[in-house]
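To keep things clear, I will list the structure first and then write my remarks on it.
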Amino acid sequence: MPTIITPKPMSGFPELLPAEQIVFNRCLDTVRRTFELFGFAPLETPAVERKEVLTSKGGNEKEIYALSRLAARPDEDASTEYALHFDLTVPLARYVAQHKEKLVFPFRRYQIQKVWRGERPQAGRYRELYQCDIDVIGRGSVSLLADAEMPVVIYHVFTAMGVGPFVVRLSNRRLIQGFFESLGLSPEQITAALHAVDDLEKIGVDKVRALLVDKAGLSPDSAARALAFIASSEHMGTEALLGHLASLNLNERFNQGVAELCSVVQNMRSLGMPDNAFKVDLSIVRGLDYYTGTVYETRLLEHPDLGSVCSGGRYDDLASYFTTEKLPGVGISIGLSRLVLRLLEAGVLKPNAATPTQVLVTTLDPSRLREYLGIAASLRAHGLPTEVYLEQARIGDQLKYASRKGIRFAVIAGETEFAQGQVKVKDLSSGFEHVLQPDQLPAWVKEQR
RNA sequence: GUGCCUUUAGCUCAAUGGCAGAGCGCCUGACUGUGGCUCAGGAGGUUGUGGGUUCGAGACCCAUAAGGCACCCCA
């Protein structure tokens, strides 16, 4: 008796049943199709990078999975110089720096791949997950119009995916930096203050106030003014808010941030972004210091606990670790695994079939196999995913098979039908049966939808 | 890496320290050319693992593993 290895789930490495996987893949398709609709080109980089590439940004090495061989001779090292990528931005930076003479700029690419993170899994945090990124990267500069495109792409993705109501919240780091500058803060203080503001939603106003005073060194008065400034975006409409910001005229940096924000909002609207799908929110700063201008976060209104399901922003220099050439850009990223798995749990996205098969050709009479296979071939030739029931079983079991898998149509043909040169097709969702000429079958099935 | 909680049938969960159960799912039949619905029946368990206390442990104690949650982190 061989030793049985008990199969068990691996925490943080999600896997799905077919019905759910179909939903997930449909979402992947939607993302891909929409990215291409906006002219982003596909890119896939290896699952691994050299360790030195991955740690170039001073990343958290604890959370990087390194690649090693399971066994090595005593005199050799089983470890390799490779490690699994933990996001798609670092690989992109390496890729663009490496291939920049062959790429056409502005470089618009999308990338949909798994990434791996060595963190302790918890709700909505996985160790293996899909990221879907788009970026527009320039040599020297990139139009601010690209900043306006990002939320519009996301709007199209989420709308097509059917995730329910959502809002892309956006702000501008230059603006908020300018504001803190006007309070007399040093660059270091500003960085600390931005990190504090980033935590606003998570830890609440009072704790952020304390952070601003203790960590960023603001006076209680300045902290109060900062929080009031940020809160001002909460209840103001977009127009009123932008007008208000423009009237403040705090300093050059602030004014530039305001002007950028106004331009982005205006161009988003021209691109068809409806007002209820976005909101200017000054509490959005992103924790990452490499964002320099526009920043985005997206949340689902009916699932606020999910946090941001899609975020990004503008950066001055993508690949400073890999080239001296300045490559600014703007990008946004969807954490698809967290999003889709959660929406499946919540019932927002519903699986409805465990197979792509739309028509099952039953094999009522094994001696008619040639006819059955022919019917299937004809359905497939018309683009209808079709399966033939291959085992020997009673018709009841064959229909049960179709029913359990969520196959909608069953073709049933036996002595009676063949005698008339016809076939019967049954709609399992309604129980309705229809008898017709075999050559009419594909068209009939297509009509039913 | 730290803390808290959990672990009983495929799944969700019951069971005063005293016969291990239910619902759902699965299988069979009612139904030899018709799935779902209904009805009848059936299979399925070393109660995560190892030790201890006890006449007796699924329950109490210790250890351990796995899972969940929070912290940390989130490029």
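Distance CZ (A:R286) to C1' (B:rC73): 14 Å, rounded to an integer number of Å. Here B:rG25 presents its P atom at 19 Å from NZ of A:K405, a figure rounded to the nearest Å. Spacing between atom CG of A:D198 and atom P of B:rC72 amounts to 13 Å, rounded to whole angstrom units. Counting to the nearest Å, the C1' atom of B:rG33 and the CG atom of A:D365 are 11 Å from each other. When rounded to the nearest whole Å, the span between CZ of A:R127 and P of B:rC73 equals 19 Å. Atom P of nucleotide B:rC74 and atom CD1 of A:I64 are separated by 12 Å, given to the nearest angstrom. Remark: P of B:rG35 and NZ of A:K424 are 12 Å apart, rounded to the nearest angstrom. Rounding to whole angstrom units, OH of residue A:Y126 and P of B:rC74 are separated by 21 Å.
Contact annotation: A:R394 side-chain N/O to B:rG29 OP1/OP2 distance is under 4.0 Å. Dashed line: the shortest gap from a side-chain N or O of A:R404 to OP1 or OP2 of B:rC27 is under 4.0 Å.
If you look at A:F13 and A:Y126, their ring centroids are not closer than 6.0 Å.
Across all strands shown, B:rC69 pairs with B:rG3; the Watson-Crick or G-U wobble distances both stay below 3.5 Å. Base-pair partner of B:rU28: B:rA40 (Watson-Crick or G-U wobble, both distances under 3.5 Å). With both pairing distances under 3.5 Å, B:rA22 is matched to B:rU12 as a Watson-Crick or G-U wobble pair. For B:rC60, the paired base is B:rG52 (Watson-Crick or G-U wobble, both distances below 3.5 Å).
Between A:F409 and A:W444, the angle of the ring planes goes over 60°, which puts this pair in the perpendicular group of the 30/60° scheme.
For the C1' atoms, the distance from B:rG35 to B:rG44 is 25 Å, rounded to whole Å. Comparing B:rA57 with B:rG42, their C1' atoms sit 31 Å apart, to the nearest whole Å. Across the P atoms, B:rA65 and B:rC24 are found 39 Å apart, a figure rounded to whole Å. The gap from the P atom of B:rC60 to that of B:rU7 amounts to 10 Å, rounded to the nearest Å. Taking atom P on both nucleotides, B:rA9 is separated from B:rG21 by 14 Å, rounded to a whole Å. Nucleotides B:rC55 and B:rG41 are separated by 43 Å at their P atoms, to the nearest Å. B:rC27 and B:rC73 have their P atoms separated by 50 Å, given to the nearest Å. A distance of about 36 Å separates the P atoms of B:rU49 and B:rU38, rounded to the whole Å.
Of all nucleotides listed (B:rG35, B:rC73, B:rU34), B:rC73 comes nearest to the side chain of A:E63. Ranking B:rG33, B:rC73, B:rU34 by closeness to the A:E417 side chain, first place goes to B:rG33. Side chain of A:R117, nearest nucleotide from B:rG35, B:rC74, B:rG33: B:rC74.
Within 4.0 Å (heavy atoms only), A:S333 reaches no atom of the nucleic acid at all. A:T416 comes within contact range of at least one nucleobase, with a heavy-atom separation under 4.0 Å. Counting any heavy atom pair closer than 4.0 Å across all strands shown, A:G414 reaches a base atom. Base contact: A:E415 has a heavy atom under 4.0 Å from a base atom. No contact: A:Y401 has no heavy atom under 4.0 Å from any strand.
For the 3.5 Å distance criterion, the side chains of A:Q256 and A:E260 qualify, holding a donor opposite an acceptor. A donor-acceptor contact closer than 3.5 angstrom links the side chains of A:Y401 and A:E387.
Looking at A:E433, its side chain comes within 3.5 Å of the base of B:rU34 through a donor and an acceptor atom. In this model, no side-chain donor or acceptor of A:K400 finds a partner on the base of B:rG36 within 3.5 Å.
Map A:Y291 and A:G12 each onto its nearest nucleotide of RNA chain B; the residue landing nearer the 5' end is A:G12. If A:T89 and A:L399 are placed on RNA chain B by their nearest nucleotide, the residue sitting closer to the 5' end is A:L399.
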Criterion salt bridge (charged side-chain N to carboxylate O under 4.0 Å, His left out) on A:R408 and A:D427, from CA distance to verdict: CA-CA 6 Å; A:R408 181 164 168 199; A:D427 182 341; 2.9 Å; yes
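Looking only at distances, no side-chain donor or acceptor of A:Q448 sits under 3.5 Å from a matching main-chain atom of A:V445.
A salt bridge links A:E149 and A:R108; the closest N-O separation between the charged side-chain nitrogens and carboxylate oxygens is under 4.0 Å.
Geometric assessment of A:R173 against the ring of A:Y291 yields a negative cation-pi assignment under the 6.0 Å and 45° thresholds.
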